[in-house]
2 protein chains.
Amino acid sequence: MKVAVDVVLFSYIEKTLNVLLIKRNIEPSKGKLTIPGVLLGENENAETAAIRALNDKASINLTIDYIEQLYTFTSLNRDPRERVISISYFGLIDSNNLKKFSNIYGDEVNWIDVSTLQTLQTKLGFDHNLIFNIALKRLRTKLRYEPIGFELLPDYFTLTELYDVYCTILDVKLDRRNFSRKINSYGLLNETQYKTKGHVGRRSKLYEFNISKFNELKSGENFYFEI
Amino acid sequence: MKVAVDVVLFSYIEKTLNVLLIKRNIEPSKGKLTIPGVLLGENENAETAAIRALNDKASINLTIDYIEQLYTFTSLNRDPRERVISISYFGLIDSNNLKKFSNIYGDEVNWIDVSTLQTLQTKLGFDHNLIFNIALKRLRTKLRYEPIGFELLPDYFTLTELYDVYCTILDVKLDRRNFSRKINSYGLLNETQYKTKGHVGRRSKLYEFNISKFNELKSGENFYFEI
DNA sequence: CCAAAAGTGTTAAGAGTACACCCATGC
DNA sequence: GCATGGGTGTACTCTTAACACTTTTGG
């Protein structure tokens with residue numbers, strides 16, 4: 001019995017939600033898209049292995065903005081070769097942190113638009129459709145109840161960008177005014193002295209996530225974030 | 001590297017929340033209380049192993065009312081003998097389904113009151129304090145956002161019993177009238193033709209959980225249970 | 001001055017919260 | 001008739017949801 005760690009990594013690129021998938025160039029599931037994964041090493045914990053999977057398979061190193069354990073899959077025939085259980089993770093990365101892709105396996109690395117993936121009902125390798133679907137569901141739930149939308153954006157971002165992240169991922173048209181009021185009511189955003197530039201139209205204030213305020217609220221009794 | 005499956009099983013016994021703990025009679029952690037667990041078998045999935053752990057260690061067989069995966073613990077020194085990762089579960093059982101305890105290992109089987117455990121800051125074996133704390137947190141969160149309180153009660157139960165479950169586990173004094181109104185508003189309870197008997201005071205209506213209604217609501221777009 | 005994007009206030013409806021008395025039954 | 005436990009209505013507050021125009025700036 002082997003233990004693998006697989007990671008569903010999301011990024012928000014050009015106003016769409018994307019997921020990192022690797023086209024395998026060996027059997028089994030040769031030619032299919034899969035989520036990146038590695039076998040858990042003897043001397044590393046699962047989260048370290050998850051980061052290593054991203055590094056080895058997609059050269060994404062040390063810049064994961066958010067990662068959490070998703071679920072552990074243990075059904076018997078996940079891998080046709082032998083039994084492999086998968087401790088899966090889901091993660092978020094700011095697309096500005098993406099580097100050029102290459103990997104040590106020579107597999108093809110792709111950011112795939114989630115809505116396209118769903119429209120085409122693309123068959124991923126192994127049981128990765130299942131893992132991906134659970135990750136997407138978790139992302140949507142988390143986004144509503146914990147302030148993680150920021151993790152898909154640069155350190156300084158506009159309210160409109162954040163608003164767009166929410167609308168895109170939740171696939172709803174939120175009310176722009178209500179969104180601003182709501183998100184401001186938590187006091188989790190600091191207005192910076194900076195503004196956007198280099199585009200037509202009015203300049204937008206840039207905000208940053210107030211992580212110390214977040215930690216303070218989290219440690220209190222009654223903190224319920226909700227969008 | 002071995003793979004274990006451990007289960008934090010809760011029950012509601014005589015108006016208190018209890019957790020199933022096993023006093024180990026061999027090293028390591030000899031004499032300490034631990035949550036029940038087994039090694040994952042070559043031909044079983046994790047949930048099956050979780051049920052087996054309860055059966056082997058506490059003769060609780062086929063009557064678990066609710067079980068879900070909790071978290072997978074992978075840190076390097078969980079077990080002093082060799083590396084063991086733990087796929088942990090949390091479960092609920094109606095105390096009426098409890099049988100006499102005996103187990104195939106000769107360990108002592110106990111239902112321990114959760115508030116006592118916390119007051120005494122009892123040290124459990126291995127890293128089981130960590131696992132227990134995460135399970136308790138999950139239980140409290142789930143109870144607020146999913147209708148699982150029923151799983152700790154018999155098939156037919158009174159609103160007062162359900163109310164008591166919520167107050168005890170969440171450790172708050174909810175308003176009895178608001179609770180009734182709220183829980184009824186979801187339409188998840190069927191009033192039965194039965195009433196309590198054999199006690200002083202007014203008879204209470206017995207309700208049952210409407211599982212088909214629950215499945216219907218769950219499959220819809222917008223079902224948000226909350227207490 | 002026009003097009004593009006940002007920013008903001010008010011009102012109505014619904015949900016949440018706080019609160020206390022009457023009902024049914026056994027003894 | 002009294003002690004025990006069950007059951008229920010109302011008023012107030014707060015939150016949510018729906019809705020459109022003005023401001024800033026580049027070209």
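From a predicted model like this one, the values you see are computed outputs, not experimental measurements. Quick note on labels: first sequence line is chain A, next is B, and so on, each numbered from 1.
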Using atom [atom1] of [X] as one end and atom [atom2] of [N] as the other, report the distance to the nearest whole Å.
{"X": "A:E161", "N": "C:dA5", "atom1": "CD", "atom2": "P", "value": "13 Å"}
{"X": "A:D175", "N": "D:dA20", "atom1": "CG", "atom2": "P", "value": "10 Å"}
{"X": "B:H199", "N": "C:dC27", "atom1": "NE2", "atom2": "P", "value": "11 Å"}
{"X": "B:R177", "N": "C:dG16", "atom1": "CZ", "atom2": "P", "value": "17 Å"}
{"X": "A:R202", "N": "D:dC21", "atom1": "CZ", "atom2": "P", "value": "17 Å"}
{"X": "A:E226", "N": "C:dG16", "atom1": "CD", "atom2": "P", "value": "11 Å"}
{"X": "A:N184", "N": "C:dG9", "atom1": "CG", "atom2": "P", "value": "12 Å"}
{"X": "B:I183", "N": "D:dT8", "atom1": "CD1", "atom2": "P", "value": "15 Å"}

* Asked: So which nucleotide from C:dG7, C:dC27, D:dG27 ends up closest to the side chain of B:V200?
  -> C:dC27
* Structure fact -> Taking D:dG7, C:dC19, C:dA6 as options, the one with an atom nearest any side-chain atom of B:T160 is D:dG7
* Asked: When you check the phosphate oxygens OP1 and OP2 of C:dA5, does a side-chain N or O of A:T196 lie under 4.0 Å from one of them?
  -> no
* Would you say B:K173 reaches C:dT17's phosphate, i.e. side-chain N/O to OP1/OP2 under 4.0 Å? -> no
* Asked: Ignoring hydrogens and angles, are the base of C:dG9 and the side chain of A:R181 linked by a donor-acceptor pair under 3.5 Å?
  -> yes
* Asked: Do B:R203 and D:dT4 have a side chain to base donor-acceptor pair shorter than 3.5 Å?
  -> no
For [X] and [Y], which heavy atoms make the closest approach, and how far apart are they?
{"X": "B:G37", "Y": "B:D6", "answer": "CA-OD1, 3.1 Å"}
{"X": "B:R140", "Y": "B:Q118", "answer": "NH2-OE1, 4.4 Å"}
{"X": "A:I67", "Y": "A:E47", "answer": "CG2-OE2, 3.7 Å"}

* What is the ring orientation for A:Y186 with A:F225, classed by angle as parallel under 30°, tilted 30 to 60°, or perpendicular over 60°? -> tilted
* Parallel under 30°, tilted from 30 to 60°, perpendicular over 60°: which one fits the rings of B:Y156 and B:Y194? -> parallel
* Pick the nucleotide of DNA chain D nearest each of B:G201 and B:N178; which residue has the one closer to the 5' end? -> B:G201
* Nearest-nucleotide comparison on DNA chain C, the residue closer to the 5′ end among B:R176 and B:K182 -> B:K182
